[in-house]
Amino acid sequence: MQIDRQAGCMLPVVIFGAKLQPDGSPGRTLWLRLAAAHAYGEAHAPVLYIPTGGPSHPSGMREGEVMATLLGAAGVPPDALLVEGTAPDTLASVIACTRLLRQRGHVGPVAVASSSYHLPRCLVLMRMMGWPVLRVPPPRVPAARRWGRRWFWRLREVAAVPWDVLLLSLHLLRAGRDGD
């Protein structure tokens with residue numbers, strides 16, 4: 001997909017969160033997602049980074065806010081950040097980010113950043129919400145170092161994709177019925 005933006009219009013880059021360490025610091029998966037999104041943003045400036053993710057237990061820190069802090073430390077100015085810090089999961093992130101973007105009047109494409117195992121679900125859900133999506137190239141290294149852990153995450157997505165598609169379909173039907 002060609003990026004067609006008006007002058008001065010920032011391309012939103014939604015960065016899906018990942019569980020934080022017990023002390024609130026980012027884990028490997030989060031670091032890798034963030035690095036991929038930042039590299040994409042540097043190549044496609046101007047962008048509006050939208051880190052998403054609510055409280056991570058047990059630290060209580062918000063994934064979105066931790067990512068925003070790290071992006072700020074990497075030189076991203078505050079006006080290029082829009083934090084979504086409430087969503088506890090992927091589906092809630094898609095809905096919350098859509099709400100934020102629509103409130104801002106955005107109608108164009110949205111870039112989506114996550115790990116390679118998680119990215120297909122994020123892309124499908126964002127498309128279901130009506131967004132033309134751009135795929136941020138995922139990190140070149142796997143999120144997990146161990147083979148068994150990598151397969152666990154891949155197999156989890158096999159179940160999560162149809163489940164979230166069903167839940168989002170129900171959400172959209174309810175929203176259409178209620179006039180939202």
Side-chain angles (χ1 to χ4, degrees), residues 10-38 40-41 47-74 76-115 117-131 133 136 143 153 156-157 160-161 163-180:
M10 300 172 93
L11 171 68
V13 178
V14 176
I15 311 165
F16 284 85
K19 185 177 175 184
L20 300 172
Q21 299 295 324
D23 66 356
S25 63
R28 174 180 162 87
T29 300
L30 191 66
W31 273 113
L32 292 170
R33 290 178 184 183
L34 196 57
H38 189 252
Y40 184 86
V47 301
L48 174 66
Y49 294 100
I50 306 176
T52 181
S56 190
H57 298 287
S59 73
M61 302 273 300
R62 297 178 183 278
E63 297 162 8
E65 291 171 1
V66 169
M67 286 190 281
T69 299
L70 294 170
L71 286 165
V76 173
D79 64 341
L81 288 167
L82 178 62
V83 179
E84 189 301 298
T86 65
D89 57 38
T90 301
L91 179 58
S93 288
V94 167
I95 294 168
C97 288
T98 293
R99 187 174 302 119
L100 286 173
L101 288 166
R102 289 193 176 137
Q103 286 171 352
R104 294 175 65 93
H106 184 73
V107 294
V110 175
V112 177
S114 192
S115 304
Y117 69 87
H118 186 238
L119 193 55
R121 177 163 46 133
C122 299
L123 293 170
V124 165
L125 296 174
M126 290 297 284
R127 283 185 184 119
M128 285 180 68
M129 291 300 284
W131 298 110
V133 294
V136 171
W153 290 112
R156 186 184 92 153
E157 289 300 304
V161 170
W163 179 249
D164 276 358
V165 165
L166 173 65
L167 292 176
L168 185 53
S169 296
L170 293 172
H171 169 80
L172 292 171
L173 283 171
R174 271 193 311 270
R177 184 187 68 225
D178 296 340
D180 291 340

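- Within the 4.5 Å cutoff, no side-chain heavy atoms of Leu119 are placed close to those of Phe16.
- Contact annotation: the side chain of Leu91 never approaches that of Trp163 to less than 4.5 Å [non-hydrogen atoms, C-beta and beyond].
- To the nearest 0.5 Å, atom CG of residue Leu168 and atom CZ of residue Arg121 are 11.5 Å apart.
- Nearest approach of Pro26 to Leu70, heavy atoms of both residues: CG-CD1, 3.7 Å.
- Atom CG in Leu172 sits 11.0 Å away from atom CG in Leu167 (nearest 0.5 Å).
- Shown here for Leu82 and Pro51, the closest heavy-atom pair between the two residues is O-CD, 3.5 Å.
- Among all heavy-atom pairs drawn from Ala68 and Val83, the shortest one is CB-CG2, 3.4 Å.
- For the atom pair Thr90 OG1 and Ile95 CD1, the distance stands at 11.0 Å (nearest 0.5 Å).
- Residue pairs meeting the side-chain hydrogen bond (donor to acceptor under 3.5 Å, both in side chains) criterion with at least one member in residues 95-106, sequence neighbours excluded: Thr98-Trp131.
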Q | Gln21 and Ser59: CA distance, side-chain angles, deciding distance, side-chain contact (heavy atoms from CB on, under 4.5 Å) verdict | A | CA-CA 8 Å; Gln21 299 295 324; Ser59 73; over 6 Å; no
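- Separation of atoms CG (Leu125) and NE2 (His171) is listed at 11.0 Å; rounding is to 0.5 Å.
- Remark: side-chain polar atoms of Arg127 are not paired, donor with acceptor, to backbone N or O of Val133 under 3.5 angstrom.
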Q | Steps toward side-chain contact (heavy atoms from CB on, under 4.5 Å) verdict (Arg33, His118) | A | CA-CA 10 Å; Arg33 290 178 184 183; His118 186 238; 3.7 Å; yes
Q.
Walk me through whether Ile15 and Tyr40 qualify under side-chain contact (heavy atoms from CB on, under 4.5 Å).
A. CA-CA 11 Å; Ile15 311 165; Tyr40 184 86; over 6 Å; no
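- A pairwise comparison of heavy atoms in Pro55 and Gly60 identifies CB-O, 4.0 Å as the closest pair.
- Here the straight-line distance linking atom OG1 of Thr52 with atom CD of Glu65 works out to 11.0 Å at 0.5 Å rounding.
- Between Ala18 and Thr29, the closest heavy-atom pair is CB-CG2, 3.7 Å.
- Listed here is the closest heavy atom pair of Ser169 and Met128: OG-CE, 3.3 Å.
- Expressed to the nearest 0.5 Å, how far CG of Leu48 lies from CG of Leu81 amounts to 7.5 Å.
- The side-chain heavy atoms of Val110 and Ile50, taken from C-beta on, include no pair separated by under 4.5 Å.
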Q.
Walk me through whether His38 and Leu34 qualify under side-chain contact (heavy atoms from CB on, under 4.5 Å).
A. CA-CA 6 Å; His38 189 252; Leu34 196 57; 5.7 Å; no
